Amino acid sequence: MTLRIRYYLAILPLFVGLGLVNSLLVYTMERNELRWGLRERAQGVAASVAGFWDVMGPEDARPALLKRYSQRLGGLSMRWFDPEGQDNWRPRELFSAQVVFVPQPPAPDAEMGHKLLQGELDWTLVPQSEENWDLIVGYAPVLAADGSVRAVIGVSERETGFREAMAALRLRLIGLLLALLLAGIGAAELITRVARRELAALTAAAEDATQGRYRTQLPPGRIRELNDLGGTLLTMTSLLADESHQTRRAFFRAELLPGQRELALGYRNYLEHPLPAQLGPAAYAFRRLGAVGISDFCGWRESAAGWVLVLGRTRNSARLPSPLQDLIHADAARDYLLGAAVDPLRNLSWEQALADFPCEHLQIVEITADGGSARLAELAPDGASMGPWTPVQGRLVFGTLGVEASRMALAYSLQFPDRMLEQVADELAGLMANRFSGILVLCDLQSSPASERSS
């Protein structure tokens, strides 16, 4: 799991949770406040009608007064409810809105009836799912001279502001959540960048230490734990630098000179041109296994038809007085035999070439330019001529390891056809270095469209 994902999982839930809790509180408070305003409005309208009911004049004059009151408030519908018990009311219509349709108020339920018979006000919000408005209804008792409730007046009117206010509130809270989410992402990204920048500085210092460049200081960071880790790293590098300095001093004091074999191996490593990882479309992996002698050689050259590889081991190295001359002889044999292999006119026979540079082991590999096919010729049993050409394809194993080791290497590499050649070569080097000594070359030929059609 990366640092970015860790910080996102740690910070985003905090910001989102804070936004949800805050949104829930704001939603509850504003919804209750809006309902309180609707309640006061509905109860106030009903109470004004019930309070002035007895002073409105004669019965035939009341409709005109109620009509003017309804028009002034935008449209009202009113009913008179005579109590016939707590749960039973006998309604009587007083007035219906004429400009807009406003349903008549419904009869109070049991809970409302109990409060109204006690002389209290009440109200209700009746949602209209099929309309773009809701209905608010206020109830007010009409008291008799002795203070008892002789009737209840219900007043209903349309309400559109509640839906609009709630919709605007939801949009505002969604915007708040999105803002907090973006803030959380920004905070997580900022912390991630700071941490990755400081980790990159520590990683660079560690990589420099692996190359022998020991730093004495690191730029101070903002994360205390990483600063402590940087201090530990500097302590380790200072110890390594001191140990390296002492080792060099001991080495120069000893005044040890390399022998001829060490010099020969050093020159070979310096002058050798290793087989590249790619020749045309074909891929290669080159390894030297075990205590490889100076006389093992490997060379490659481009020819008119593609590429030619020469791998072998010289035979007459015992007559040479020093490893350096053995190395020179092997390099000369490599170049001489490689020139004979790429000579299109065949001016030099293999019998003559092998007489000039006798070999214990020799392989000549010719690979076409498209990397689709190749052929192989090996040293004949008499050691003085080359055997017949053999066509090869797919994954191949060349080198100077011998027949048994080559078979083992080929069988192992064929078990893992999807692995990279370099990985397979490293694994084979680790497995076979203690038992075999020589040059190992792995090759993957790429099948060309022409070769696929011919097959």
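Just so you know, these numbers come straight off a predicted model, no measurement behind them.
- Looking at E111 and K115, no side-chain N of the basic residue comes within less than 4.0 Å of a carboxylate O on the acidic one, giving no salt bridge.
- Put simply, CG on N132 and CZ on R163 are 7.0 Å apart, with the number rounded to the nearest 0.5 Å.
- The backbone N or O of Y139 lies less than 3.5 Å from no partner atom in the side chain of D122, so there is not a single donor-acceptor pair.
- A donor-acceptor contact shorter than 3.5 Å links the side chain of N32 to the backbone of T28.
- Considering only heavy atoms from C-beta on, H329 stays 4.5 Å or farther from Q325 through its side chain.
- Contact record, I185 with L12: N-CD2, 3.4 Å, taken as the closest heavy-atom pair.
- The number of heavy-atom neighbours closer than 6.0 Å to CZ of R407, taken from other residues, nucleotides and ligands shown, is 12 or below.
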Practice task
Carefully, step by step, assess D109 and T124 under the rule side-chain contact (heavy atoms from CB on, under 4.5 Å).
Solution key: CA-CA 10 Å; D109 56 20; T124 185; over 6 Å; no

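- A donor-acceptor pair under 3.5 Å is formed between the side chain of Q363 and the backbone N or O of G399.
- Looking only at atom types and distance, the side chain of S96 has a donor-acceptor partner in the side chain of Q104 under 3.5 Å away.
- Side-chain atoms of L125 and W123, non-hydrogen and from C-beta on, do get closer than 4.5 Å to each other.
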Exercise for the section: I would like to know whether I174 and L176 meet side-chain contact (heavy atoms from CB on, under 4.5 Å); could you show each step before the answer? Expected result: CA-CA 5 Å; I174 291 174; L176 174 63; over 6 Å; no

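- A donor-acceptor pair under 3.5 Å is absent between the side-chain atoms of H361 and the main chain of T314, judged by distance alone.
- Between R158 and F101 there is a side-chain heavy-atom pair separated by less than 4.5 Å.
- Between the side chain of Q71 and the main chain of G74, no donor-acceptor pair closer than 3.5 Å is present.
- Side chain of S70 to backbone of L76: a donor-acceptor contact under 3.5 angstrom is found.
- Side-chain atoms of L445 and L396, non-hydrogen and from C-beta on, do get closer than 4.5 Å to each other.
- Note: T192 OG1 to E189 CD = 5.5 Å, rounded to the nearest 0.5 Å.
- Other residues, nucleotides and ligands contribute over 12 non-hydrogen atoms within 6.0 Å of the CZ atom of R172.
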Exercise for the section: Would you please test E157 and R41 for salt bridge (Lys or Arg N to Asp or Glu O under 4.0 Å) and show each step? Expected result: CA-CA 10 Å; E157 63 175 311; R41 175 180 174 182; 2.7 Å; yes

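- One finds a salt bridge joining R435 and E404 here, because a Lys/Arg side-chain nitrogen approaches an Asp/Glu carboxylate oxygen to under 4.0 Å.
- We find that R315 and E360 are not joined by a salt bridge, their nearest charged nitrogen and carboxylate oxygen being 4.0 Å or further apart.
- G184 and I11 get closest at one heavy-atom pair: O-CG2, 3.8 Å.
- Counting all heavy atoms, side chain and backbone alike, S385 lies closest to L354 at N-CD1, 3.5 Å.
- Looking at heavy atoms from C-beta onward, L309 lies in side-chain contact with Y284 at the 4.5 angstrom threshold.
- A distance-only check finds a donor-acceptor pair linking the side chain of Q278 to the backbone of P281 [under 3.5 Å].
- Annotation: side chain of L428 is not in contact with side chain of D426 (no heavy-atom distance under 4.5 Å).
- Contact record, V102 with S156: CG1-O, 3.5 Å, taken as the closest heavy-atom pair.
- At distances below 3.5 Å, at least one donor-acceptor pair connects side-chain atoms of R395 with backbone N or O atoms of S413.
- The structure places CG of L410 at 10.0 Å from CZ of F398, a figure rounded to the nearest 0.5 Å.
- Once rounded to the nearest 0.5 Å, the distance linking CZ of R39 with CZ of R35 reads 10.0 Å.
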Practice task
Give the intermediate values and the outcome of side-chain contact (heavy atoms from CB on, under 4.5 Å) for residues L182 and F15.
Solution key: CA-CA 9 Å; L182 293 177; F15 277 79; over 6 Å; no

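- Considering all non-hydrogen atoms of both residues, G438 and T400 come closest at CA-OG1, 3.4 Å.
- Taking CG of L20 as the reference point, atom CG of L24 lies at 8.5 Å (rounded to 0.5 Å).
- Put simply, the side chain of S238 gets close to the backbone of T235: a donor and an acceptor are under 3.5 Å apart.
- Side-chain atoms of M420 and V424, non-hydrogen and from C-beta on, never get closer than 4.5 Å to each other.
- Qualifying salt bridge (Lys or Arg N to Asp or Glu O under 4.0 Å) partners for R313, counting only residues two or more places apart in sequence or in other chains: D296.
- In this view, E120 satisfies the salt bridge (Lys or Arg N to Asp or Glu O under 4.0 Å) rule with no residue, not counting sequence neighbours.
- A heavy-atom distance below 4.5 Å is found between the side chains of C359 and F297.
- Heavy-atom minimum distance, S406 versus V397: O-CG1, 4.1 Å.
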Practice task
Evaluate side-chain contact (heavy atoms from CB on, under 4.5 Å) for V26 paired with M29, printing each intermediate quantity in order.
Solution key: CA-CA 5 Å; V26 172; M29 292 177 59; 5.9 Å; no

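- The structure places CG of L338 at 10.0 Å from CH2 of W300, a figure rounded to the nearest 0.5 Å.
- Ion pair E427/R287 not flagged as a salt bridge, since none of the NZ, NE, NH1 or NH2 atoms sits closer than 4.0 Å to an Asp/Glu carboxylate oxygen.
- Crowding of Q128 atom CD: a count of heavy atoms from other residues, nucleotides or ligands under 6.0 Å exceeding 12.
- Atom CZ of R193 sits in a sparse spot, with 12 or fewer heavy atoms from other residues, nucleotides or ligands closer than 6.0 Å.
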